[in-house]
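Predicted model only: the values in this text are computed from it and were never measured.
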Amino acid sequence: QFEEGYRYYIVSQARDASNPVNFETSFSTYVFIVDRTTPTVAIAAPVHQGFFNSLSALSGTVSNTAPPPGSVPSPLDYIQLQLSDTDRLPNQFWNFNTQAWQSASISTTIAGTTSWNIAAAYLPANTPAGATSWAVGRSSATFVLKALAADLTGNTTSFAAYQSTFTLDLVNPESDITTPTPAQE
């Protein structure tokens, strides 16, 4: 059995039964990595359970390590992101390609890398109204960003394991003085 976390090389060279023996001058090499470890994802922005009134990017990291003593992981293949507006019924999903909300579940796929970033240009607009804004005419709303990652050996995380729930807050705070009362001096 091949141990996890190692890169293996298989080399083949042919020879025939002639006298003297003929050998293949250029031989074939096949390289493979045994990796059974699933990558892990971290969502850096927006922060889980955080609040925002404008959002400039979605970002995070992916780690794909293999256990010692070999410690050789397979390369990352891709990252998928899904952004949903959970306060709308039915839930709405952000289509990163068309830059619009839609009712059908959709995700976007980006190249596998140890850090990822989706710029504001691909996100809902930071305006209070409009069909393509975060608010869509509301002053508060809750969203969920889900992420998954896969490596080249097929180890894939699930959307359920890595997500950030965050809230849009466009309500200005108000304060009031209760003591001393306005009549007291």
Side-chain angles (χ1 to χ4, degrees), residues 1-50 52 55-86 91-99 102 104-124 142-167:
Q1 177 177 350
F2 293 106
E3 290 188 47
E4 182 177 9
Y6 285 94
R7 179 178 289 115
Y8 293 92
Y9 298 84
I10 297 174
V11 179
S12 81
Q13 183 179 36
R15 67 182 189 165
D16 62 21
S18 67
N19 190 1
V21 175
N22 293 313
F23 288 95
E24 180 181 16
T25 56
S26 62
F27 46 89
S28 302
T29 302
Y30 180 77
V31 179
F32 65 95
I33 295 171
V34 176
D35 179 0
R36 297 179 191 95
T37 304
T38 303
T40 58
V41 179
I43 298 173
V47 175
H48 182 60
Q49 301 295 328
F52 76 102
L55 197 57
S56 60
L58 306 177
S59 64
T61 58
V62 177
S63 176
N64 191 33
T65 58
S71 303
V72 177
S74 65
L76 292 169
D77 189 11
Y78 63 87
I79 300 162
Q80 281 188 327
L81 301 173
Q82 182 184 73
L83 177 62
S84 60
D85 182 342
T86 58
N91 288 353
Q92 296 291 299
F93 298 88
W94 183 251
N95 185 320
F96 290 89
N97 295 318
T98 64
Q99 297 179 352
Q102 65 182 50
S105 177
I106 189 168
S107 61
T108 191
T109 302
I110 56 179
T113 179
T114 56
S115 64
W116 52 269
N117 186 309
I118 303 289
Y122 299 99
L123 299 177
T142 302
F143 302 89
V144 176
L145 174 64
K146 297 179 180 181
L148 68 77
D151 64 23
L152 288 176
T153 58
N155 300 312
T156 305
T157 64
S158 77
F159 275 143
Y162 302 99
Q163 53 188 320
S164 174
T165 302
F166 54 102
T167 303

Look only at the side chain of [X] and the backbone of [Y], and say whether a donor-acceptor pair between them is shorter than 3.5 Å.
{"X": "Thr157", "Y": "Ala149", "answer": "yes"}
{"X": "Thr156", "Y": "Gly154", "answer": "yes"}
{"X": "Asp16", "Y": "Asn22", "answer": "yes"}
{"X": "Glu4", "Y": "Thr37", "answer": "yes"}
{"X": "Asn155", "Y": "Asp35", "answer": "yes"}

Tell me whether the count of non-hydrogen atoms from other residues, nucleotides or ligands lying under 6.0 Å of [atom1] in [X] goes above 12.
{"X": "Phe32", "atom1": "CZ", "answer": "yes"}
{"X": "Glu3", "atom1": "CD", "answer": "no"}
{"X": "Arg36", "atom1": "CZ", "answer": "yes"}

Write down the atom of [X], the atom of [Y], and the distance for their closest heavy-atom approach.
{"X": "Phe166", "Y": "Leu55", "result": "CE1-CD2, 4.2 Å"}
{"X": "Leu81", "Y": "Phe96", "result": "O-CE1, 4.1 Å"}
{"X": "Leu58", "Y": "Pro46", "result": "CD2-CD, 3.6 Å"}
{"X": "Ser56", "Y": "Leu123", "result": "C-CD1, 4.4 Å"}
{"X": "Phe159", "Y": "Gln80", "result": "CE2-O, 3.6 Å"}
{"X": "Asn64", "Y": "Leu76", "result": "CB-CD2, 3.6 Å"}

Q. Does the side chain of Pro73 reach to within under 4.5 Å of the side chain of Thr65, using non-hydrogen atoms?
A.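 With C-beta onward as the side chain, the pair stays apart.
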**Q.** Validation row: Phe93, Val144 side chains within 4.5 angstrom (heavy atoms)
**A.**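 Answer no - side chains too far apart.
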Q: Check the angle between the aromatic planes of Tyr8 and Tyr6 and answer parallel, tilted or perpendicular using the 30° and 60° thresholds.
A: tilted
Q.
Using the rule given for side-chain contact (heavy atoms from CB on, under 4.5 Å), can you reason through Ile33 versus Phe2, listing the C-alpha separation, both sets of side-chain angles and the distance that settles it, and then say yes or no?
A. CA-CA 9 Å; Ile33 295 171; Phe2 293 106; over 6 Å; no
Q: Go through Gln82 and Trp94 one step at a time and tell me if the side-chain contact (heavy atoms from CB on, under 4.5 Å) criterion holds.
A: CA-CA 7 Å; Gln82 182 184 73; Trp94 183 251; over 6 Å; no
Can you tell me how far apart [atom1] ([X]) and [atom2] ([Y]) are? Round to the nearest 0.5 Å.
{"X": "Gln163", "Y": "Leu145", "atom1": "CD", "atom2": "CG", "answer": "9.0 Å"}
{"X": "Gln13", "Y": "Thr29", "atom1": "CD", "atom2": "OG1", "answer": "10.0 Å"}
{"X": "Ser84", "Y": "Phe143", "atom1": "OG", "atom2": "CZ", "answer": "9.0 Å"}
{"X": "His48", "Y": "Thr165", "atom1": "NE2", "atom2": "OG1", "answer": "5.0 Å"}
{"X": "Ser12", "Y": "Glu24", "atom1": "OG", "atom2": "CD", "answer": "6.0 Å"}
{"X": "Leu148", "Y": "Tyr78", "atom1": "CG", "atom2": "OH", "answer": "6.0 Å"}

**Q.** Set of residues satisfying side-chain contact (heavy atoms from CB on, under 4.5 Å) with respect to Gln92, sequence neighbours excluded
**A.**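 Listed in chain order: Asp85, Arg88, Pro90, Trp101, Ser103.
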Q: Might you work through the side-chain contact (heavy atoms from CB on, under 4.5 Å) test for Val41 and Ile79, ending with a clear yes or no?
A: CA-CA 9 Å; Val41 179; Ile79 300 162; 5.8 Å; no
